[in-house]
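Throughout, a chain's letter reflects where its sequence line sits, starting with A, and its residues are numbered from 1.
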Amino acid sequence: MPVLDLDLLWQQLLYDPKNPLLFNNGFFVYFFGLFMLLYYIFRHKATVRRYIFCFFSLYFFYKASGYFVLLVIISAVVDFLISNAIAAQQDKFRKKLLLVLSILFNLGMLCYFKYTNFFISLSNDLFATHFNPLNILLPIGISFYTFENLSYTIDVYRGEFKPARKFSDYLLFLSFFPKLVMGPIVRAHDFVPQINKPYVINENDFAKGFYLIISGLIKKLIISDYITLNFVNYIFDDPSRYTGLECLFAVYGYAAVIYCDFSGYSDIALGIARWLGFTIPTNFLSPYQSSSITEFWRRWHISLSSWLRDYLYIPLGGNKKGGFATYFFALLFITGVYLFGKHLLGLSVLWSGVLTFFVLLIFILPALLKKDKTGISTSFNLLSTMLLGGLWHGASWNFIIWGALHGIALGIHKIWMLITGKASEKLNRQGWYKAIAIFITFHFVCFCWVFFKSADFATGMTMLHQIGYDFSFSVWPEFFDNYKWVIGMILLAGILHAIPDGLADKLIGRTGKWPLLAYVTVFFLFVLLYGYFKSAEQVMPIYLQF
Amino acid sequence: MNSQHRVLKFTLISIGIYFILSILDLSFNFPVPAFRKVNLIADLVKSPQIKDSIVVVKEIPVSAKKDESPSTRVFEQFKAPKTIIRFSADTNQPALQKFLPKLMALKSGTKQKLRIAYFGDSMIEGDLLTETLRALLQKEFGGSGVGFVPITSQVSSFRRTVSHTYSKGWEDENFRNTTKGNVYFSGHLFRGKDDWVSMTDQTIRDSAAILEKSLLCGPVSEPFSIMVNGTAQDIYPKELFNRIPIRKDRSRNLRLVVTDDRLPVYGISFETDNGITVDNFSFRGITGIELNKLDMDFLHAIGEQNPYDLMIFQYGVNVLFRPNDKNFSWYGSKFQSMLVKMKKAFPDTEMMLVSAADRAFRYDGTYSSAVGIDSLIKMQANIAFETGMAFYNQYETMGGKNSIVRWAAEQPSLANKDYVHPNGRGAAKLGNFLFEAFLKDYYKYQKLHPKS
């Protein structure tokens with residue numbers, strides 16, 4: 001008979017840097033069970049329920065990232081105070097000053113933890129300084145809750161939302177555990193009003209929540225982890241050792257991985273929230289089915305792209321005007337393109353100039369075509385948004401390149417729309433045109449993922465070099481033989497991705513109420529499947545290039 | 001209808017069943033490994049059964065009994081990291097007895113060439129490790145040039161020490177597709193028909209160095225014309241293996257055109273008259289026993305035409321291709337017979353065996369050193385001991401058990417996430433360690449033979 005070890009139990013309750021809390025820890029099962037029990041018992045007492053929720057959320061954060069939980073609490077206190085002060089302040093100038101204070105505080109915190117070392121290396125490279133990088137750990141979720149803080153104080157400043165009166169309301173909005181590590185980025189005006197509502201969910205919520213949780217777990221813990229560990233990591237780590245075919249599949253594999261990882265986490269968050277009586281807007285809508293890059297950004301990480309639109313693109317001037325920031329970023333970008341051509345692509349001054357000219361043209365052409373000069377600032381505002389959006393994903397040049405590529409593609413798509421005009425609307429209704437457009441969009445997105453995933457620019461270029469110059473189908477039989485499970489997982493990801501959001505809703509609506517036993521059975525089937533893949537023998541990398 | 005109770009019921013029933021199943025699993029040892037991996041209480045209890053599910057890496061004792069005899073103690077030297085050993089009771093004696101006198105003479109100004117052949121698998125592909133070792137040895141003892149470069153190579157675009165382009169038509173006979181005994185140390189023999197290759201040695205620091213560029217090739221039955229840097233040149237190689245100097249000047253480039261596939265070509269060598277040359281002979285995926293295929297006559301011809309002063313063999317990682325293998329005797333005897341053959345073919349050459357580096361597999365969800373690594377390293381040491389070769393423990397030099405896992409996790413990383421290959425940074429580190437081990441051995445020799 002197993003004997004309970006109290007020491008081990010105690011250790012389980014504390015933060016373990018080697019084993020931070022995620023949805024797949026055994027600990028989460030107890031955590032969730034106890035939480036659900038208390039949440040249910042106190043369902044009619046909004047205040048107690050809220051405190052329980054806050055406590056569990058903060059404890060989840062502590063188990064996931066240790067004492068960084070204090071950062072969440074501090075930023076909640078600061079933003080709660082500032083936002084209330086903004087709301088109470090009548091003087092416009094002081095109101096603005098308070099907003100600037102909040103922005104400085106939040107961005108300052110984000111910059112310190114996320115970008116200090118990036119700026120140090122930038123300074124060392126550009127100005128030949130010799131600063132040593134600092135030993136700064138990145139607090140989990142900081143990119144998400146900083147953006148939530150910012151949207152909150154800006155909304156209050158704009159008068160779109162009255163600040164939460166109770167501190168615990170605000171703390172819960174910020175720390176709500178299902179979305180803490182990887183989003184979605186929730187807006188206060190959507191979320192806060194739901195906190196003190198009576199706890200009511202219908203059968204549909206229960207079924208849809210269950211569907212979202214299980215499909216999210218499958219996407220994140222089974223598909224994404226399996227492809228990453230048994231294939232993608234090997235190839236992206238040192239692409240020069242692998243053939244073009246393997247590198248190409250690694251890019252497809254990564255497209256599946258990042259979708260499953262990100263949307264899987266979002267789905268779990270959405271599902272748990274649904275069970276608790278909260279509605280969080282959908283974050284991913286089968287993004288790889290987009291027939292243009294513009295559409296892609298309406299379907300991919302929607303909570304981020306809409307945040308960037310509302311709090312970056314529009315303040316920059318949106319599609320109406322350009323300000324100092326617009327032209328400042330434009331100048332930085334154009335200089336960046338020239339230096340990129342010269343140093344990273346190794347082009348001559350002339351060719352680098354030609355490249356810069358053509359990139360510049362992409363952003364000016366729509367204005368010329370429409371004979372409307374605001375078009376120039378619109379294009380550059382969009383580009384700046386994409387550049388900063390890229391940088392948000394991580395402190396490295398690769399993310400900026402990734403953002404720039406998307407920005408340029410959005411510019412090109414705009415030109416295409418202007419040139420083709422109404423004809424493209426007609427074309428869009430043609431099946432073959434749409435298929436080609438989806439194919440091109442997907443491959444462009446994949447092309448950008450190469451830089452997103454690669455450790456540095458050179459690795460990304462090696463990856464492309466292998467695909468372009470070392471491609472042969474002759475290695476297919478060995479490749480297939482070794483990686484058939486991985487290929488199967490990529491296909492499974494494709495199938496899950498192809499299920500439209502509405503289809504699940506429809507099915508759930510039609511099938512009626514399932515007995516609880518059916519849910520329990522499905523859950524245990526998932527547990528066994530997860531266990532099976534956890535214990536599956538690893539797929540070894542093979543070296544096909546002889 | 002409010003379905004909140006359904007959420008609670010589902011959660012509590014599922015967790016309850018899960019909890020009970022977990023206890024039963026640990027109590028009665030369910031024959032379902034998939035469930036054991038997700039057992040809910042395994043982290044919380046002390047239970048003898050749990051251990052059964054974990055792969056316990058057993059230490060492989062050097063000998064069953066604690067043996068303190070002198071020969072055992074001598075053998076135990078194989079565990080020393082960063083040290084070249086020769087299993088000698090007198091540890092003041094250097095290991096590379098044949099090589100060091102030549103090295104010392106070179107250092108004290110004698111004009112001579114010392115040539116080192118470094119054999120290996122993908123661990124040294126793209127001139128990894130040898131790039132650093134060559135640069136450091138040449139800096140310390142003199143010499144220039146990248147040494148041997150094969151006509152084509154799958155990693156040519158990433159090898160930093162040579163800029164290397166070639167036409168697509170070269171036919172490549174190699175360890176994988178032929179059993180012929182004349183494919184050279186590189187494992188390749190090339191034939192071209194109006195095919196070209198162009199190489200630029202990128203290792204040269206001294207622009208005044210006179211670099212000899214030689215063609216390494218097999219025999220032809222009558223005089224043969226090749227194009228070197230755009231000029232026709234007649235050659236008549238008759239030996240089984242030939243080394244034909246084709247240019248000797250300050251240029252670092254060479255462009256060769258072969259019009260007729262009768263000429264078996266191996267590669268080009270870039271060397272100076274004096275100093276150290278390090279040739280990298282890497283062949284992906286092999287275990288070293290492939291060298292057994294080379295004909296004795298062919299080996300003798302190499303010995304005469306292109307003699308080496310030191311040969312280093314680093315293999316083994318491709319023997320460890322299954323996570324749970326611990327017995328490698330099938331490999332040991334074949335590998336040993338290859339080394340015996342090489343010793344016989346090159347009696348004057350110093351020989352050194354470098355052990356496999358660390359390699360990890362995923363056991364129970366986490367990466368750790370292959371369970372068979374200790375027995376493989378010990379077997380390799382034993383082969384060196386029995387064949388009378390010098391030995392260098394790459395595994396211990398890396399840091400021993402789980403070092404590849406630490407190397408891959410380091411920032412910036414030193415190894416790839418395949419948990420097999422040290423990357424450029426890691427390989428440079430290994431090259432440095434090996435160079436330092438050379439120096440350590442060299443100083444031992446210097447101490448025993450002070451300059452008169």
Legend entry - For A:Val527 against B:Tyr18, the heavy-atom pair lying closest together: CG1-OH, 3.7 Å
Legend entry - Closest approach of B:Arg284 to A:Arg241 (non-hydrogen atoms, all atoms of both residues): NH1-O, 2.9 Å
Legend entry - Nearest atoms (heavy-atom pairs only) where A:Asp237 meets B:Asn416: OD2-CA, 2.7 Å
Legend entry - pair A:Met36-B:Val7: side-chain heavy atoms closer than 4.5 Å: yes
Legend entry - Segment of A:Leu37 engaging chain B (4.5 angstrom heavy-atom cut-off): both
Inset, instruction - Would you mind reporting whether B:Thr11 and A:Phe523 have side-chain heavy atoms less than 4.5 Å apart? - result: no
Inset, instruction - Would you mind telling me which of A:Phe32, A:Phe524, A:Tyr530, A:Tyr519 has the largest number of heavy-atom pairs within less than 4.5 Å of chain B? - result: A:Phe524
Inset, instruction - Please report the closest heavy-atom contact between A:Ile201 and B:Gln4, naming both atoms and the distance. - result: CG1-N, 3.7 Å
Inset, instruction - Mark yes when over 12 heavy atoms from residues, nucleotides or ligands other than B:Trp196 sit less than 6.0 Å from its CH2; otherwise mark no. - result: yes
Legend entry - From A:Phe526 atom CZ to B:Ser14 atom OG, the distance as rounded to the nearest 0.5 Å: 12.5 Å
Legend entry - Qualifying residues under side chain to side chain contact (heavy atoms under 4.5 Å, CB included), relative to A:Leu34, sequence neighbours excluded: A:Leu38, A:Phe56
Legend entry - Distance in Å, A:Gln12 CD paired with B:Ile41 CD1, rounded so as to fall on 0.5 Å steps: 11.5 Å
Inset, instruction - Could you check if a side-chain atom of A:Phe533 sits within less than 4.5 angstrom of a side-chain atom of B:Lys37, using non-hydrogen atoms only? - result: no
Legend entry - CD/B:Glu410: more than 12 non-hydrogen atoms of other groups inside 6.0 Å: yes
Inset, instruction - Examine whether an atom of A:Leu517 lies under 4.5 Å from a heavy atom of chain B, and if so say whether it belongs to the side chain, the backbone or both; otherwise answer neither. - result: neither
Inset, instruction - Look at atom CZ of B:Phe19 and say whether more than 12 heavy atoms of other residues, nucleotides or ligands are closer to it than 6.0 Å. - result: no
Inset, instruction - Side chain from CB out, backbone as N, CA, C, O: work out which of these in A:Tyr469 comes under 4.5 Å of a heavy atom of chain B, or both, or neither. - result: neither
Inset, instruction - May I ask you to check whether over 12 heavy atoms, not counting those of B:Arg425, lie within 6.0 Å of atom CZ? - result: yes
Legend entry - B:Gln154 side chain reached by A:Asp470 side chain, heavy atoms, under 4.5 Å: no
Legend entry - Flag side-chain contact, heavy atom, 4.5 Å: B:Phe158 against A:Gln466: yes
Legend entry - Which of A:Phe236, A:Tyr532, A:Phe206 touches chain B most, by non-hydrogen pairs under 4.5 Å: A:Phe206
Inset, instruction - Give, as side chain, backbone, both or neither, the part of B:Leu40 having an atom under 4.5 angstrom from any heavy atom of chain A. - result: both
Inset, instruction - Report the option among A:Leu229, A:Leu529, A:Leu9, A:Asp205 that has the most heavy-atom pairs separated by less than 4.5 Å from atoms of chain B. - result: A:Leu229
Inset, instruction - Decide yes or no for B:His421 and A:Asp238: does some side-chain heavy atom of the first lie under 4.5 Å from some side-chain heavy atom of the second? - result: no
Legend entry - Side chain / backbone / both / neither for B:Ile17 at chain A, heavy atoms under 4.5 Å: both
